[in-house]
Amino acid sequence: MQNVTTRTKKVSLLLHDAACGLPYHFVCGVPYTALPLATVISVECNKPMLIRRREAKDYGTKKMIEGKFSPGDTCLVVEDVVTSGSSVWETVQLLQEYGLKVTDAVVLLDREQGAGERLKQKGVNLHSVLTMTKLVDVLRQNNKIDEDMHQKVLQFVSDNQFSVEIEEPPMKTRKLAWSMSFKERSEHEQCKNSVAKELFAIMENKRSNLVLSADLTNADEILKLVDSIGPSICMVKTHVDIIEDFSRDFVNKLVKMAQKHNFLIFEDRKFADIGSTVQHQFSGGVFKIADWAHVINAHSVPGPGVIQGLKKGNKQSACLLIAEMSSAGNLAKGDYVKETLKIAQDHPDFVIGFISQSNVCEDDPQLICMTPGVKLEKGGDSLGQQYVTPYEAVYANHTDLIIVGRGIIEASDPVVMAEEYREAAFQAYEHRIALTL
Ligand code: S5P
């Protein structure tokens with residue numbers, strides 16, 4: 001008797017032959033039985049494979065389809081047996097959500113109970129190595145079954161047809177947040193926070209998802225830089241505790257500039273203490289951040305108390321939670337990211353998203369992901385900072401905004417450079433949403 005590997009290989013090659021001449025870039029097996037079949041086709045026939053997950057990963061990108069593909073690439077769906085065609089259709093829908101084209105599916109056995117017609121109606125051609133009729137005919141001719149059984153099987157097939165008119169089993173199409181336009185997200189019923197709405201509107205109007213990290217230490221220099229770059233950005237990020245000559249006057253001027261250029265102010269204070277302390281750090285002290293910042297951020301390491309404390313000190317701001325960091329060797333991974341997401345989802349009135357390197361929540365249109373550690377060229381600095389490009393952050397990793405400091409500040413012409421970053425990040429966003437239009 002042939003071993004399992006040989007049989008799997010034989011079946012996979014038969015499937016590949018059945019799909020001969022069809023135009024496709026990728027193969028994708030319906031999980032999980034067809035996964036080894038698609039894998040063998042991929043290896044033996046030199047076709048790249050996409051993997052469909054059944055459950056989203058509980059952290060990281062939460063991607064349901066894994067693989068490197070581009071919008072418009074075609075994918076052949078592989079399955080072992082089809083009855084109603086529902087599982088093939090579910091996989092097709094998911095691939096289409098990610099911008100792939102699917103026109104064909106190949107199966108080892110079509111039980112001829114209506115899958116072919118049902119899939120045809122959805123624009124998918126079903127190709128099979130074997131049909132149930134052919135199978136029982138061959139078995140009968142070779143005396144492996146008697147005539148009674150032969151007739152019984154054919155009768156069963158004809159009595160148990162899934163009509164094309166029958167209502168489809170629920171195959172819910174999810175619209176992933178990252179595949180929506182900023183406008184759609186701002187108008188979505190789940191997007192209730194006024195700061196999130198305003199940010200989406202600014203991004204859409206200014207065609208900018210660029211945040212300037214104004215990490216200079218002199219107040220006048222910051223104001224000069226921000227005023228010159230204002231038209232290119234949707235937000236300016238400050239570290240007020242590094243400004244040597246911080247004053248109330250600086251804040252007043254920055255607020256006026258934000259109105260003039262239509263951007264939001266994000267104070268990158270990274271609150272990370274017990275609720276009672278962060279309440280005072282936020283609303284009081286020298287900086288009185290709650291009086292002027294539209295957006296603040298917090299580490300989730302203290303637990304939900306940090307959010308409760310900030311909410312007590314809050315006047316007008318929304319909060320971002322730091323889910324993932326850009327620095328080498330940071331500890332924000334795995335369960336930490338998962339728990340951070342939970343805290344955010346428990347406080348939709350205040351938390352509008354994350355500082356993250358990937359899209360940590362695909363399902364909630366209000367939750368915005370902003371990525372620091374961005375430069376036009378990949379690389380890092382001598383103190384552990386790691387850079388990805390705008391395209392990697394926004395297109396490949398599905399985050400919404402890029403935060404750029406030294407990439408702009410240290411350029412010979414920061415105004416020209418800011419425009420370059422704005423264009424790169426907004427184009428990456430436009431390509432991303434075009435994936436699923
Ligand atoms: O993980 C992080 C989180 C933040 S907010 N990595 C970061 O670099 N930041 C901030 O983004 C950091 O404090 C700095 O203000 C900015 C990155 O600056 P750049 O000069 O490296 O672009």
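Both counts, for ligands and for their atoms, begin at 1 and track the order of listing.
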Closest non-hydrogen protein atom to [atom], residue and atom name please, with distance?
atom                    : result
atom 13 (O) of ligand 1 : H239 NE2, 3.0 Å
atom 21 (O) of ligand 1 : Y387 OH, 2.7 Å
atom 22 (O) of ligand 1 : G405 N, 2.9 Å

| Any K375 heavy atom less than 4.0 Å from ligand 1 | no
| task | Measure the distances from the heavy atoms of K270 to every atom of ligand 1 and state whether one is below 4.0 angstrom. | result | yes
Is it true that [X] and [Y] have a side-chain N and a carboxylate O under 4.0 angstrom from each other?
X    : Y    : value
E187 : K197 : no
R52  : E66  : no
D291 : R248 : yes

For [X], take its heavy atoms, then give the atoms of ligand 1 lying under 4.0 Å from any of them.
X    : answer
R406 : 19 (P), 20 (O), 21 (O), 22 (O)
D215 : 14 (C), 15 (O), 16 (C), 18 (O)
S213 : 14 (C), 15 (O), 16 (C)
M325 : 1 (O), 2 (C)

| field | Ring centroid separation W292 to F250 under 6.0 Å | value | no
| field | Check: E410 and M417 side chains under 4.5 Å, non-hydrogen atoms | value | no
| note | Exactly one of T39, V40, I41, L15 clears side chain to side chain contact (heavy atoms under 4.5 Å, CB included) with V27, and that residue is I41
| task | Scan L401, N209, D400 and name whichever one has a side chain to side chain contact (heavy atoms under 4.5 Å, CB included) with Y429. | result | N209
| Using a heavy-atom cut-off of under 4.0 Å, does the side chain or the backbone of P372 touch ligand 1, or both, or neither? | side chain
| query | Between Q385 and ligand 1, which part of the residue brings a heavy atom under 4.0 Å of the ligand: side chain, backbone, both or neither? | reply | side chain
| For ligand 1, is there an N or O atom under 3.5 Å from any N or O atom of S326? | yes
| said: I want to know if ligand 1 touches S327 in the polar sense, i.e. an N/O pair below 3.5 angstrom. | reply: no
| message | Restricting to salt bridge (charged side-chain N to carboxylate O under 4.0 Å, His left out), what partner residues turn up for K375, sequence neighbours left out? | response | none
| field | Inter- and intrachain pairs under side chain to side chain donor-acceptor pair (under 3.5 Å), touching residues 271-285, at least two apart | value | none
